[in-house]
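Everything below concerns the one structure shown next.
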Amino acid sequence: MFEYIEFMQPDVDLKAIRCFLALAQELSFGRAAKRMNLTQPSLSAQIRKLEEQIGQRLFDRTTRAVQLSPVGTALLDQAGTFVAQADAFAAQLAAWRDRPDRRIVLGAPIYTFELPQHGALLSAIARELPNISLRVDNDFAYSLCEGLIKGTVDLAMVVAAVVPHDKYLADMARQQCGELEIPDGLPRLTLSREPIGLAIPQEHPLARFDVVPQAALSGSVIAMLAPLHGKSLYQPISTWLAAAGATGFLPPEAHAFALERYCREYRIPAISIAQFRPKDHGNVVYRPVAGLSILTELAVLRSNRQMRAASEMQLWKIAESLVPQAFAD
């Protein structure tokens with residue numbers, strides 16, 4: 001269980017906390033009121049009620065600007081986590097009330113189609129559970145993780161970096177979760193785990209290293225992942241490149257598969273996620289790098305709710321059979 005924020009009392013109005021989050025993001029009473037479908041006086045009353053309850057100002061207001069106060073800044077992430085937990089609990093109740101015998105929903109983003117573990121899982125399901133009522137959802141990973149948290153998705157196969165659960169909930173409340181991030185609070189089966197490295201044209205000077213030292217990147221242009229993949233990837237990679245004196249370049253398509261293609265076609269090094277590398281390496285080599293320690297996993301996740309259908313448990317057992325010995329408990 002995750003702890004509620006310290007100022008929470010049983011009679012705290014969840015609507016007031018939502019108003020606080022909306023104003024913290026918009027920094028405008030007008031925009032926040034519109035977002036919450038309230039009048040500005042009603043929004044102001046909600047904020048004032050919350051401030052009176054905790055005995056602290058949450059915002060510094062002037063005639064020209066609204067800014068979070070130090071107390072508001074300190075409570076922002078916890079408030080987001082609280083709202084996300086409340087929403088997840090409500091969604092789980094609704095899922096079991098409305099569809100107690102619903103079909104099992106297995107999430108698998110489109111990018112997993114080329115992975116052998118994807119085919120192995122679906123083949124095993126067809127073989128061992130021929131009568132299961134199953135729907136495969138090919139949505140984005142951040143949507144599938146939200147579904148897992150809220151109980152509307154049962155299992156999901158994704159590639160991502162693992163981030164703290166509370167941070168993920170706070171980002172989810174602000175709609176800022178990355179496509180290649182998963183929360184560590186969900187039950188997880190790890191099928192592979194690899195460090196992020198570089199795809200390098202074989203004629204490039206960096207290809208001569210077995211492990212690319214950070215200093216060797218000075219002056220290089222490196223194709224980068226887009227920020228939408230998640231702050232836990234984008235920020236440390238950007239910092240690492242800047243410290244090395246390299247330039248991170250965002251191509252028009254800056255997702256993991258596109259970077260592999262970009263390296264081959266335009267002959268510049270690119271950030272490479274091992275799970276997305278093509279089977280045929282062609283005239284590209286892959287190298288680990290020094291000074292950057294970000295791991296991505298191919299994992300199967302499931303909802304952490306307590307009530308589970310028998311078919312969901314059977315599906316989890318099948319997924320467990322795919323776990324390599326190196327990651328088995």
Side-chain angles (χ1 to χ4, degrees), residues 1-2 77 80-81 83-85 87-88 91-92 104-115 117-118 121 136-196 225-237 254-257 271-277 292-305 308 312 315-316 318-320 322-324 326-329:
M1 292 291 294
F2 298 94
D77 282 352
T81 299
V83 170
Q85 288 177 328
D87 288 345
Q92 288 193 26
I104 296 297
V105 178
L106 171 63
I110 291 176
Y111 63 70
T112 63
F113 285 12
E114 296 295 323
L115 302 178
Q117 295 91 338
H118 177 277
L121 178 59
V136 179
D137 187 341
N138 303 132
D139 208 342
F140 291 106
Y142 64 82
S143 293
L144 296 174
C145 283
E146 183 173 351
L148 289 166
I149 291 168
K150 292 183 175 180
T152 57
V153 175
D154 300 292
L155 291 90
M157 175 181 283
V158 297
V159 174
V162 181
V163 301
H165 197 87
D166 279 355
K167 176 186 180 301
Y168 194 92
L169 289 177
D171 286 345
M172 191 173 82
R174 297 193 291 266
Q175 298 182 331
Q176 293 178 356
C177 293
E179 176 59 16
L180 295 184
E181 294 178 322
I182 54 176
D184 64 5
L186 293 174
R188 180 172 89 253
L189 299 173
T190 300
L191 306 185
S192 72
R193 184 185 295 124
E194 299 285 348
I196 287 180
L225 288 168
L228 60 82
H229 289 84
K231 291 179 288 187
S232 63
L233 281 77
Y234 182 78
Q235 290 179 350
I237 293 173
H255 57 77
F257 280 119
I271 296 297
S272 177
I273 295 178
Q275 290 87 356
F276 298 130
R277 292 170 185 168
L292 184 67
S293 55
I294 303 175
L295 301 175
T296 56
E297 293 190 6
L298 170 61
V300 176
L301 311 175
R302 73 174 177 182
S303 171
N304 57 9
R305 63 170 179 264
R308 301 187 189 280
E312 180 187 345
L315 198 57
W316 186 252
I318 292 174
E320 285 180 327
L322 302 179
V323 176
F327 302 117
D329 291 334

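If you're wondering where the values come from, they're calculated on a predicted model, not measured in any experiment.
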Hey, does the side chain of [X] reach the backbone of [Y] with a donor-acceptor pair shorter than 3.5 angstrom?
| X | Y | answer |
| --- | --- | --- |
| D184 | H165 | yes |
| T112 | H118 | no |
| Y111 | V159 | yes |
| E179 | A141 | yes |
| Q275 | T296 | yes |
| N138 | A108 | yes |

As an exercise, state the distance from [atom1] of [X] to [atom2] of [Y], rounded to the nearest 0.5 Å.
| X | Y | atom1 | atom2 | result |
| --- | --- | --- | --- | --- |
| I149 | S303 | CD1 | OG | 9.0 Å |
| L115 | L191 | CG | CG | 9.5 Å |
| F140 | C177 | CZ | SG | 14.0 Å |
| E194 | E297 | CD | CD | 10.5 Å |
| Y142 | Q175 | OH | CD | 9.0 Å |
| L295 | L233 | CG | CG | 10.5 Å |

Is any side-chain heavy atom of [X] closer than 4.5 Å to a side-chain heavy atom of [Y]?
| X | Y | result |
| --- | --- | --- |
| V105 | T152 | no |
| W316 | D154 | no |
| L301 | C145 | yes |
| I182 | L148 | no |

**Request:** Applying side chain to side chain contact (heavy atoms under 4.5 Å, CB included) between M157 and each of L144, L298, L106, report the one that passes.
**Result:**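 Single pass found, and it is L298.
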So which atom in [X] and which in [Y] form the shortest heavy-atom distance, rounded to 0.1 Å?
| X | Y | result |
| --- | --- | --- |
| I271 | I196 | CG2-CG2, 3.7 Å |
| A173 | G80 | CB-O, 3.4 Å |
| M172 | E146 | SD-CG, 3.6 Å |
| P236 | I294 | CG-CD1, 3.6 Å |

**Prompt:** Given I273 and L225, is the side chain to side chain contact (heavy atoms under 4.5 Å, CB included) satisfied, shown in steps?
**Reply:** CA-CA 10 Å; I273 295 178; L225 288 168; 3.9 Å; yes
**Item:** Basic-acidic side-chain contact under 4.0 Å: D77, R174
**Value:**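 A salt bridge is present here (some side-chain N lies under 4.0 Å from a carboxylate O).
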**Request:** Check whether more than 12 heavy atoms from other residues, nucleotides or ligands sit under 6.0 Å from atom CD of E320, and answer yes or no.
**Result:**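 Yes, enclosed.
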